[in-house]
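Below you'll find the structure, written out as structure tokens, and then a few comments.
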Amino acid sequence: MHGLMMDMPLAISELIRHADRHHGDTEIVSRRVEGDGLHRYDYRAAHRRARRLAKALARLGLAMHDRVGTLAWNGYRHFELYYAVAGSGAVIHTINPRLFEDQIVYIANHAEDRILCFDLTFLPLVEKLASRLETVKRFVLMTDRAHMPAKTSIPGLLCYEELVEAEDDRFEWPQFDERTAACLCYTSGTTGNPKGVLYSHRSTILHAYGAALPDVLNLSARDVVLPVVPMFHVNAWGLPYSAAACGTKLVFPGQHLDGRSLYELFEAERVTMSAGVPTVWLGLLQFMDANRLKFSTLKRVVIGGSACPPAMMRKFADEYGVEVLHAWGMTEMSPLGCVNTLKGKHLALDRESQFAIRIKQGRPPFGVDWRIVDEEGRELPADGRTFGHLQVRGPWVMRGYFKGEGGDPLRDGWFPTGDVGTLDGDGYLQITDRSKDVIKSGGEWISSIDLENIAIAHPAIAEAAVIGVRHPKWDERPIVVAVKKPGAEVTREELLAFYQGKVAKWWVPDDVVFVEELPHTATGKLSKLTLRQRFSDYRLPGT
């Protein structure tokens with residue numbers, strides 16, 4: 001016997017329809033890519049333009065399941081594309097413009113993008129790559145007529161605003177199965193070529209619900225959210241969808257992610273919540289320190305992509321009164337895996353005991369299940385001490401890569417994340433390493449993340465990475481590769497002495513190398529692969 005309830009498919013178009021009907025006058029503010037101030041409109045106008053855009057794309061020949069690639073910053077036009085493309089039954093494919101050119105060409109061709117929409121910033125890049133994009137039939141520059149180039153090598157280049165203005169908004173979103181593909185993101189967290197993760201309407205809606213929960217991002221119609229995380233990085237962690245579901249005011253920073261630009265936008269638009277990777281917050285905090293500034297309205301920041309250094313978490317809380325929500329996830333998980341919020345029983349704990357919980361990655365919302373296993377796939381105890389390989393499953397977790405690349409990734413129905421960590425009895429995850437980054441010294445694991453957090457806590461260190469290098473006796477030993485704060489001084493011996501009493505003696509790194517800057521990936525994470533290659537022939541002192 002089935003329940004007697006309406007069978008309405010979970011569709012992305014319903015999010016923007018809901019935002020229009022019930023939060024129509026809530027603002028969406030964007031820094032213009034063209035550089036001429038801010039653009040303002042509301043959810044009602046965004047919905048109207050998304051419908052007009054959907055008609056324009058159909059007139060260009062876009063069909064069900066076709067892919068539309070984007071090379072664009074966080075802004076209102078990119079937001080409209082999110083809804084116009086997926087709402088039409090096609091697939092929005094966000095491309096990371098920070099990738100190497102050959103990688104951009106590879107994933108656009110692998111995705112078989114039919115239309116490419118791109119911001120003015122990327123005109124030179126697209127002019128360079130257009131002839132190599134084998135399946136793209138239409139190129140759309142996301143600007144108005146006044147900013148279109150006088151001449152270009154891109155064949156038949158179209159103007160976004162002219163396409164939208166040529167249509168009316170008399171358009172009804174089509175209905176289709178909720179398991180229909182909606183969004184395509186490629187992950188570089190794999191070996192070999194990037195692999196595509198294909199989200200459905202169902203998985204995207206469930207993820208939007210899960211992310212908005214009080215113990216996750218706690219979004220509401222009273223919030224003002226500025227996604228620092230790019231819309232080309234796992235759909236800005238789902239914020240453009242969750243915000244529409246909750247009627248949350250959105251503020252888009254465009255390409256301006258420096259400390260001054262972010263701070264000015266936070267203050268001018270009274271932002272209450274933001275989300276991004278640690279490297280962006282590092283630049284913002286340095287700017288605020290240098291100018292002795294405070295936040296007026298910012299209440300919480302979500303920090304993910306890579307582990308948030310405890311020193312950064314303390315600085316936000318102690319000096320600026322901002323709560324840090326530590327988060328973890330993956331492209332293969334849409335990306336939400338967990339966010340760190342305390343339970344009721346933790347509220348009576350002293351501040352340091354609470355902090356010891358908060359520095360973990362967090363606990364999963366309903367919709368994510370996980371476990372840790374040993375090398376043979378046997379489940380390990382959730383005792384907060386035992387290290388294991390993290391596996392996940394859930395309705396917004398990938399079951400296979402686009403076009404079957406890499407074969408079947410699942411193990412007994414679980415997705416292996418490639419992370420190593422512990423789980424405690426309350427469900428809190430603490431990532432200790434990526435399996436490929438873990439340092440094994442004398443057969444024992446050393447957490448590079450723990451060692452990095454200690455280095456960054458030193459008052460003279462701005463950023464640090466810990467990698468393993470070859471050792472004739474112990475197989476591997478850790479070294480610290482560190483960047484000093486401007487004007488600060490610290491010696492190798494002083495930094496190594498800083499570890500004393502904080503970790504076991506055999507965990508203390510064997511050496512320190514100071515550098516001007518550390519390498520980062522296209523998504524802002526530390527590139528330990530690059531560091532390991534750079535230090536592949538490194539000889540430790542005394543060996």
Side-chain angles (χ1 to χ4, degrees), residues 10 12 14-15 18-19 22-23 26 43 202-229 234-251 266 269-276 281 295 297-305 308 313 316-317 320-330 333-349 351 353-370 392 394-397 423-430:
L10 300 176
I12 286 174
E14 290 301 319
L15 292 173
H18 169 82
H22 304 293
H23 305 280
T26 297
Y43 277 114
R202 178 178 185 269
S203 70
T204 304
I205 295 292
L206 293 176
H207 182 271
Y209 269 122
L213 287 169
D215 269 357
V216 189
L217 302 185
N218 192 23
L219 291 180
S220 77
R222 298 171 297 283
D223 273 311
V224 181
V225 173
L226 188 153
V228 175
V229 55
V234 209
N235 298 330
W237 299 350
L239 282 169
Y241 301 119
S242 295
C246 297
T248 305
K249 176 179 173 178
L250 280 167
V251 181
F266 282 152
E269 298 303 321
R270 302 186 63 78
V271 171
T272 61
M273 195 273 270
S274 187
W281 301 123
F295 292 113
T297 58
L298 189 65
K299 294 184 178 69
R300 61 196 189 280
V301 295
V302 182
I303 301 183
C308 174
M313 195 177 294
F316 264 117
Y320 299 106
V322 174
E323 179 186 17
V324 170
L325 300 176
H326 209 185
W328 171 87
M330 304 177 70
M333 298 180 69
S334 301
L336 178 65
C338 67
V339 173
N340 193 317
T341 53
L342 298 178
K343 292 186 173 183
K345 66 180 183 180
H346 298 142
L347 300 181
L349 297 176
R351 193 167 180 274
S353 298
Q354 289 184 355
F355 188 76
I357 298 169
R358 284 186 174 276
I359 61 175
K360 298 182 178 184
Q361 272 62 40
R363 53 192 172 88
F366 176 73
V368 175
D369 191 15
W370 57 26
V392 296
W396 59 73
V397 178
L423 297 176
D424 67 22
D426 287 318
Y428 286 85
L429 166 70
Q430 182 150 28

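Each residue takes its place number in the sequence, starting with 1.
By the side-chain hydrogen bond (donor to acceptor under 3.5 Å, both in side chains) test, S203 is found to be paired with S200, residues two or more places apart in sequence or in another chain being considered. Residues meeting the salt bridge (charged side-chain N to carboxylate O under 4.0 Å, His left out) test with E269, sequence neighbours left out: R40, K249. In this view, H18 and H22, H23 satisfy the side-chain contact (heavy atoms from CB on, under 4.5 Å) rule, not counting sequence neighbours. Remark: T297 engages no residue in a side-chain hydrogen bond (donor to acceptor under 3.5 Å, both in side chains) (not counting sequence neighbours). The ring pair (Phe, Tyr, Trp, His ring centres under 6.0 Å) test applied to H326 returns no partner, not counting sequence neighbours. Under the side-chain contact (heavy atoms from CB on, under 4.5 Å) criterion, D426 pairs with K343, K345, H346, D424, Y428, not counting sequence neighbours. Remark: W370 pairs with no residue by the ring pair (Phe, Tyr, Trp, His ring centres under 6.0 Å) rule, at least two apart or across chains. Scanning for salt bridge (charged side-chain N to carboxylate O under 4.0 Å, His left out) contacts around R222 gives an empty result, with sequence neighbours left out. For E323, the side-chain hydrogen bond (donor to acceptor under 3.5 Å, both in side chains) partners at least two apart in sequence or on another chain are R358. Every residue meeting the side-chain contact (heavy atoms from CB on, under 4.5 Å) condition with T248, not counting sequence neighbours, appears here in chain and number order: L219, D223, V225, A243, C246. Partners of Y320 by ring pair (Phe, Tyr, Trp, His ring centres under 6.0 Å), not counting sequence neighbours, listed by chain and number: F295. Checked against side-chain contact (heavy atoms from CB on, under 4.5 Å), A244 has the following partners two or more places apart in sequence or in another chain: L15, A19, Y43, Y83.
In this structure the side chain of Y209 never reaches within 4.5 angstrom of the side chain of L213, judged on heavy atoms. W281 is not listed as a side-chain neighbour of V324, based on a closest heavy-atom distance of 4.5 Å or more. Taking the side chain as every heavy atom from C-beta outward, V234 and V229 never approach each other to under 4.5 Å. V368 has its side chain out of reach of L336: every pair of non-hydrogen atoms, C-beta onward, lies at least 4.5 Å apart.
Heavy atoms from other residues, nucleotides or ligands lying under 6.0 Å from CZ of F366 number 12 at most.
Smallest separation of non-hydrogen atoms from C338 and L429: SG-CD2, 4.4 Å. Nearest approach of V302 to M273, heavy atoms of both residues: CG2-SD, 4.0 Å. A pairwise comparison of heavy atoms in V228 and G276 identifies CB-CA, 4.4 Å as the closest pair. Heavy atoms only, all atoms of each residue included: R300 and N218 are closest at NH2-O, 2.8 Å. A208 and S242 make their closest contact through O-OG, 3.0 Å (heavy atoms, listed as atom of the first residue, atom of the second, distance). The shortest heavy-atom contact between R363 and D215 is NH2-OD2, 2.8 Å.
Ring geometry for H207 versus W396: interplanar angle over 60°, hence perpendicular rather than tilted (30 to 60°).
Considering CG of L325 and OG of S274, their distance stands at 11.5 Å, rounded to 0.5 Å.
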Item to check | Chi angles and distances behind the side-chain contact (heavy atoms from CB on, under 4.5 Å) call for L217, W237 | outcome: CA-CA 11 Å; L217 302 185; W237 299 350; over 6 Å; no
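The residue from T272, V251, L226 that alone fulfils the side chain to side chain contact (heavy atoms under 4.5 Å, CB included) condition with F266 is L226.
Proximity of a side-chain donor or acceptor of N235 to a complementary backbone N or O of S334 within less than 3.5 Å is not detected.
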